[in-house]
Peer 1: 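Here it is, the structure in full.
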Amino acid sequence: QVQLVESGGGLVQAGGSLRLSCAVSGRTFSSYTMGWFRQAPGKEREFVGAILWSSSRQHYADSVKGRFDISRDNAKNTVYLQMNSLKPEDTAVYFCAAELGPLDYTRGAEYDYWGQGTQVTVSS
């Protein structure tokens, strides 16, 4: 079984930075595509970004492109979401997710494994 645990959320002022971590249990971490999603109050869950298992290429939603960066450390079974130039509209619960080769990594439904989420609040 694969388990994901996020950490690193908190309260930050607009323009600040946070780094989220997602620790993954399991022996085949390097085989998983890792996605980050977020859900703001009253809104649907949305794709933030993903890092592919096969190439470690990253893909981002337009709303975060150029501000967020995803990286992975396969030796530590951990994926990171570095968030810079944060805006109040980035306020949400952030989730990491894992899947072996999803067809569409932007779709949450493609991922079988999810963390519990971590709150990020950006004050104006």
Peer 1: Return the minimal non-hydrogen interatomic distance between Glu110 and Leu103, and the atom names on each side.
Peer 2: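 Residues Glu110 and Leu103, closest heavy atoms: OE1-N, 3.2 Å.
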Peer 1: Residues in side-chain contact (heavy atoms from CB on, under 4.5 Å) with Ala23, at least two apart?
Peer 2: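 Checked Ala23 against side-chain contact (heavy atoms from CB on, under 4.5 Å); matches are Thr78.
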Peer 1: Scan residues 39-52 for pairs that pass salt bridge (Lys or Arg N to Asp or Glu O under 4.0 Å), counting only residues two or more places apart or in two chains.
Peer 2: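 Qualifying pairs: Arg38-Glu46.
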Peer 1: May I ask whether Val5 and Ile51 are part of the same hydrophobic cluster, defined by side-chain heavy atoms of I, L, V, M, F, W, Y residues being less than 4.5 angstrom apart, directly or through others?
Peer 2: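 No, Val5 and Ile51 fall in different hydrophobic clusters.
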Peer 1: May I have the step-by-step check of side chain to side chain contact (heavy atoms under 4.5 Å, CB included) for Thr106 and His59, ending in yes or no?
Peer 2: CA-CA 9 Å; Thr106 69; His59 298 269; over 6 Å; no
Peer 1: Sequence neighbours excluded, which residues qualify as side chain to side chain donor-acceptor pair (under 3.5 Å) partners of Lys65?
Peer 2: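 Only Asp62 meet the side chain to side chain donor-acceptor pair (under 3.5 Å) criterion with Lys65.
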Peer 1: Mind checking whether Tyr94 and Glu6 have side chains closer than 4.5 Å, heavy atoms only?
Peer 2: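 No; the side chains remain at least 4.5 Å from each other.
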Peer 1: Partners of Arg67 by salt bridge (charged side-chain N to carboxylate O under 4.0 Å, His left out), sequence neighbours excluded?
Peer 2: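 Scan of Arg67 (salt bridge (charged side-chain N to carboxylate O under 4.0 Å, His left out), adjacent residues dropped) gives Asp90.
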Peer 1: State the CG-OG1 distance between Leu11 and Thr121, to the nearest 0.5 angstrom.
Peer 2: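 The distance works out to 6.0 Å.
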Peer 1: Using side chain to side chain donor-acceptor pair (under 3.5 Å) as the criterion, list what pairs up with Ser7, not counting sequence neighbours.
Peer 2: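 Partners of Ser7 by the side chain to side chain donor-acceptor pair (under 3.5 Å) criterion come out as none, since no residue qualifies.
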Peer 1: Phe37: which residues meet the ring pair (Phe, Tyr, Trp, His ring centres under 6.0 Å) condition with it, sequence neighbours left out?
Peer 2: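 Expected list: Phe47, Tyr111, Trp114.
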Peer 1: Near Gln82 CD, under 6.0 Å, is it more than 12 heavy atoms from other residues, nucleotides or ligands?
Peer 2: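 Enclosed: over 12 neighbouring heavy atoms sit under 6.0 Å from CD of Gln82.
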Peer 1: Tell me, please, which residues at least two apart from Ser71 pass side chain to side chain donor-acceptor pair (under 3.5 Å).
Peer 2: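 For Ser71, no residue satisfies side chain to side chain donor-acceptor pair (under 3.5 Å) once neighbours in sequence are set aside.
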Peer 1: If I compare all heavy atoms of Ala40 with all of Thr91, which pair ends up nearest, and what's the gap?
Peer 2: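 Looking at all heavy atoms of both residues, the shortest contact is CB-O, 3.6 Å.
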Peer 1: Under a 4.5 Å cut-off applied to non-hydrogen side-chain atoms, are Met83 and Val64 in contact?
Peer 2: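 Side chain of Met83 against side chain of Val64, heavy atoms only: no contact under 4.5 Å found.
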Peer 1: Under 3.5 Å, which donor-acceptor pairs link side chains of residues 12-22 to any protein atom two or more places apart or in another chain?
Peer 2:
{"unit_1": "Ser17", "atom_1": "OG", "unit_2": "Asn84", "atom_2": "OD1", "d": "2.9"}

Peer 1: Which residues satisfy the side-chain contact (heavy atoms from CB on, under 4.5 Å) test with Val2, sequence neighbours excluded?
Peer 2: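 Result, side-chain contact (heavy atoms from CB on, under 4.5 Å) vs Val2: Leu4, Val24, Tyr32, Tyr113.
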Peer 1: Please name all residues satisfying side-chain contact (heavy atoms from CB on, under 4.5 Å) with Asn74, sequence neighbours left out, ordered by chain then number.
Peer 2: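 So Asn74 forms a side-chain contact (heavy atoms from CB on, under 4.5 Å) with Phe29, Ser30, Arg72.
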Peer 1: Looking at Val93, is its backbone amide N or carbonyl O close enough to the side chain of Gln39 to form a donor-acceptor pair, meaning the two atoms are under 3.5 Å apart?
Peer 2: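 Between the backbone of Val93 and the side chain of Gln39 there is no qualifying donor-acceptor contact (under 3.5 Å).
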Peer 1: For Glu89, what residues pass the side-chain contact (heavy atoms from CB on, under 4.5 Å) criterion, not counting sequence neighbours?
Peer 2: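 Lys87.
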Peer 1: Enumerate the residue pairs fulfilling ring pair (Phe, Tyr, Trp, His ring centres under 6.0 Å) with a member in residues 60-92, sequence neighbours excluded, ordered by first and then second residue.
Peer 2: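 As it turns out, there is no ring pair (Phe, Tyr, Trp, His ring centres under 6.0 Å) pair with a partner in residues 60-92 once direct neighbours are skipped.
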Peer 1: Just so I know, are the side chains of Ile70 and Met34 near enough to count as touching, which here means a heavy-atom distance under 4.5 Å?
Peer 2: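 Heavy-atom side-chain distance check fails, nothing below 4.5 Å.
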